[in-house]
Chemist: 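Structure in structure tokens, see below.
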Amino acid sequence: MYRFLLTPRWLAVSVLSLLAVPFCVFMGSWQLSRFEVRVDSHKTAEHDRGKAAAEAAVPLATLLPGPRTQVPDGASGRSVTATGRYDTGHQLLVPDRTLDGHDGYYVLTPLRVGADGTALPVVRGWLPGDASDAARSGAVPAAPTGQVTVTGALQYPESTGTDGVKSGALPSGQLGMISAASLVNVLPYPVYSGWVTATDPAAPLKAVPPAAAPNSGLDIKAFQNLGYTGEWFVFAAFVVFMWFRLARREAEMRADAALGLVPDEEARDDEAPGDGEAPAGGEDGDGGDGAADRADAAVTASADA
């Protein structure tokens with residue numbers, strides 16, 4: 001009944017199915033492993049942040065000896081201290097940032113810490129409301145004057161994939177992404193690669209909690225990996241299902257053909273007269289009456305002969 005599976009056509013279908021199933025399973029397993037890596041990275045980042053928060057603050061130069069030094073791996077959230085003077089003339093507002101579910105903005109003030117005037121971006125805190133309205137009304141608290149020592153959590157520079165980052169043109173005095181690459185266009189002096197969020201800002205500013213390191217959280221990409229995992233496994237099951245369904249359908253059609261059972265369309269085709277065959281009857285001149293007249297004429301002709 002299933003010997004047709006040994007035909008070239010069905011052998012090709014079977015080989016393609018056998019190749020497709022393990023490929024789909026492999027891709028699904030790979031996507032699942034990517035999701036598990038992100039979960040492990042998230043757990044590690046949570047542990048590192050807790051550990052970093054418990055450690056005593058260290059001087060900024062311990063982690064960032066110079067402005068060109070990149071933030072070391074695992075240093076995100078590490079408490080550091082820096083001494084310098086705030087440059088209030090180049091204070092910036094970072095719009096569209098949320099805290100505890102409320103919309104607001106960051107207040108970023110460069111802290112001149114180096115002998116050459118190098119600045120450390122310091123987010124002094126968060127305020128609710130619209131950044132543009134606050135700038136027009138002068139509602140932003142002024143930074144302390146004179147030499148100050150700031151204690152805060154060191155952060156990796158933001159990127160276009162960071163939550164809250166705003167791209168496109170912004171009003172003067174606003175910044176969409178906190179990074180040396182964006183600050184170099186608005187500040188007239190060198191800037192450290194990392195930035196600091198102040199631990200104890202002055203009221204009414206609220207402290208901005210340290211952010212997770214890039215690619216260390218359960219973001220949308222992690223759940224995309226999980227979704228792709230399900231899709232690939234469904235594809236594998238669909239290939240198996242379709243192979244069995246097509247094979248069973250072929251077997252049933254061959255069994256019907258062996259018993260003389262054919263679909264209605266084929267039956268109607270068989271009932272239609274073929275080329276050169278005369279209809280069994282009808283109302284036209286070539287029907288049954290016409291055949292009788294020809295028979296009588298043939299008998300008369302034979303009698304006359």
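Positions are given from 1 along the sequence. None of these values were measured; they are calculated from a predicted model.
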Chemist: Under the rule for side-chain hydrogen bond (donor to acceptor under 3.5 Å, both in side chains), what residues qualify as partners of S137, not counting sequence neighbours?
Modeler: none
Chemist: State the CZ-CZ distance between R38 and F223, to the nearest 0.5 angstrom.
Modeler: 11.0 Å
Chemist: To the closest 0.5 Å, what do you measure between CZ (R249) and CD (E252)?
Modeler: 9.5 Å
Chemist: So Y86 and L111, do their side chains get closer than 4.5 Å, heavy atoms only?
Modeler: yes
Chemist: Indicate if V150 and L154 have the same hydrophobic cluster label, given that clusters are the connected sets of ILVMFWY residues with side-chain heavy-atom separations under 4.5 angstrom.
Modeler: yes
Chemist: Members other than V165 in its cluster, when Ile, Leu, Val, Met, Phe, Trp, Tyr link by side-chain heavy atoms under 4.5 Å?
Modeler: M177
Chemist: In terms of hydrophobic clusters joined by side-chain contacts under 4.5 Å, are L175 and Y105 together?
Modeler: no
Chemist: Check A153 against T199 and note the closest heavy-atom contact, atom names and distance.
Modeler: N-OG1, 4.3 Å
Chemist: Going by side-chain heavy atoms closer than 4.5 Å, which hydrophobic residues are tied to L11, directly or by a chain of links?
Modeler: none
Chemist: I'd like to know if V122 and V148 are part of one continuous hydrophobic network [Ile/Leu/Val/Met/Phe/Trp/Tyr, side-chain heavy atoms within less than 4.5 Å].
Modeler: yes
Chemist: So which heavy atom on L5 is nearest to which on A247, and how close?
Modeler: CD2-CB, 4.3 Å
Chemist: Roughly how far, to the nearest 0.5 Å, is the CG atom of N185 from the CG atom of L183?
Modeler: 8.5 Å
Chemist: Distance check, rounded to the nearest 0.5 Å: W243 atom CH2 versus L18 atom CG?
Modeler: 8.0 Å
Chemist: Is it the case that the side chains of T149 and T83 hold a donor-acceptor pair, with the cut-off being a distance below 3.5 Å and no angle test?
Modeler: yes
Chemist: Could you pull out all residues at least two apart from D96 that satisfy side-chain hydrogen bond (donor to acceptor under 3.5 Å, both in side chains)?
Modeler: K166
Chemist: At their closest point, which heavy atom of V196 faces which heavy atom of G152, and how far apart are they?
Modeler: CG1-CA, 3.4 Å
Chemist: Hey, are the side chains of Y106 and I178 touching, using non-hydrogen atoms and a 4.5 Å cut-off?
Modeler: yes
Chemist: Under a 4.5 Å side-chain heavy-atom rule over Ile, Leu, Val, Met, Phe, Trp and Tyr, are V94 and L99 clustered together?
Modeler: yes
Chemist: Hey, are the side chains of P67 and L120 touching, using non-hydrogen atoms and a 4.5 Å cut-off?
Modeler: no
Chemist: What class does the angle between the rings of F235 and W232 fall in, given that below 30° is parallel, 30 to 60° is tilted and above 60° is perpendicular?
Modeler: perpendicular
Chemist: Test of understanding: with side-chain hydrogen bond (donor to acceptor under 3.5 Å, both in side chains), list the residues that count as partners of S179, not counting sequence neighbours.
Modeler: S182
Chemist: Verify the cluster assignment for Y156 and L60: are they in a single hydrophobic cluster under the rule of side-chain heavy atoms below 4.5 Å apart?
Modeler: yes
Chemist: If a pair satisfies side chain to side chain donor-acceptor pair (under 3.5 Å) and one of its residues is in residues 119-133, list it, with sequence neighbours excluded.
Modeler: Q91-R124, T109-R124, S132-Q174, D133-R136
Chemist: Which residues pass the salt bridge (Lys or Arg N to Asp or Glu O under 4.0 Å) test with R9, sequence neighbours left out?
Modeler: E250
Chemist: Between side-chain atoms of residues 19-37 and protein atoms elsewhere (two or more places apart, or another chain), which donor-acceptor pairs fall under 3.5 Å?
Modeler:
from	atom 1	to	atom 2	distance (Å)
S29	OG	V25	O	2.9
Q31	OE1	N225	ND2	2.9
S33	OG	W30	O	2.5

Chemist: Nearest 0.5 Å, please: how far is CG in L170 from CG in L92?
Modeler: 10.5 Å
Chemist: Test of understanding: with salt bridge (Lys or Arg N to Asp or Glu O under 4.0 Å), list the residues that count as partners of R112, not counting sequence neighbours.
Modeler: none
Chemist: May I ask you to decide if A143's main-chain N or O and T88's side chain share a donor-acceptor pair within less than 3.5 Å?
Modeler: no
Chemist: Show the atom names and distances, to 0.1 Å, of all donor-acceptor pairs under 3.5 Å that link a side chain in residues 187-194 to residues at least two apart or in another chain.
Modeler:
from	atom 1	to	atom 2	distance (Å)
Y189	OH	D87	OD2	2.5
S193	OG	T69	O	2.6

Chemist: Atom CD in Q70, atom CG in L63: separation rounded to 0.5 Å?
Modeler: 13.5 Å
Chemist: Output all residues satisfying salt bridge (Lys or Arg N to Asp or Glu O under 4.0 Å) with R68, sequence neighbours left out; order by chain, then residue number.
Modeler: none
Chemist: Taking the side chain as everything from C-beta on, heavy atoms only, tell me whether L108 gets closer than 4.5 Å to L93.
Modeler: no
Chemist: So which residues get pulled into V184's cluster when ILVMFWY side chains under 4.5 Å apart are joined, directly or through others?
Modeler: none
Chemist: Do the side chains of P141 and L127 get nearer than 4.5 Å, heavy atoms only?
Modeler: yes
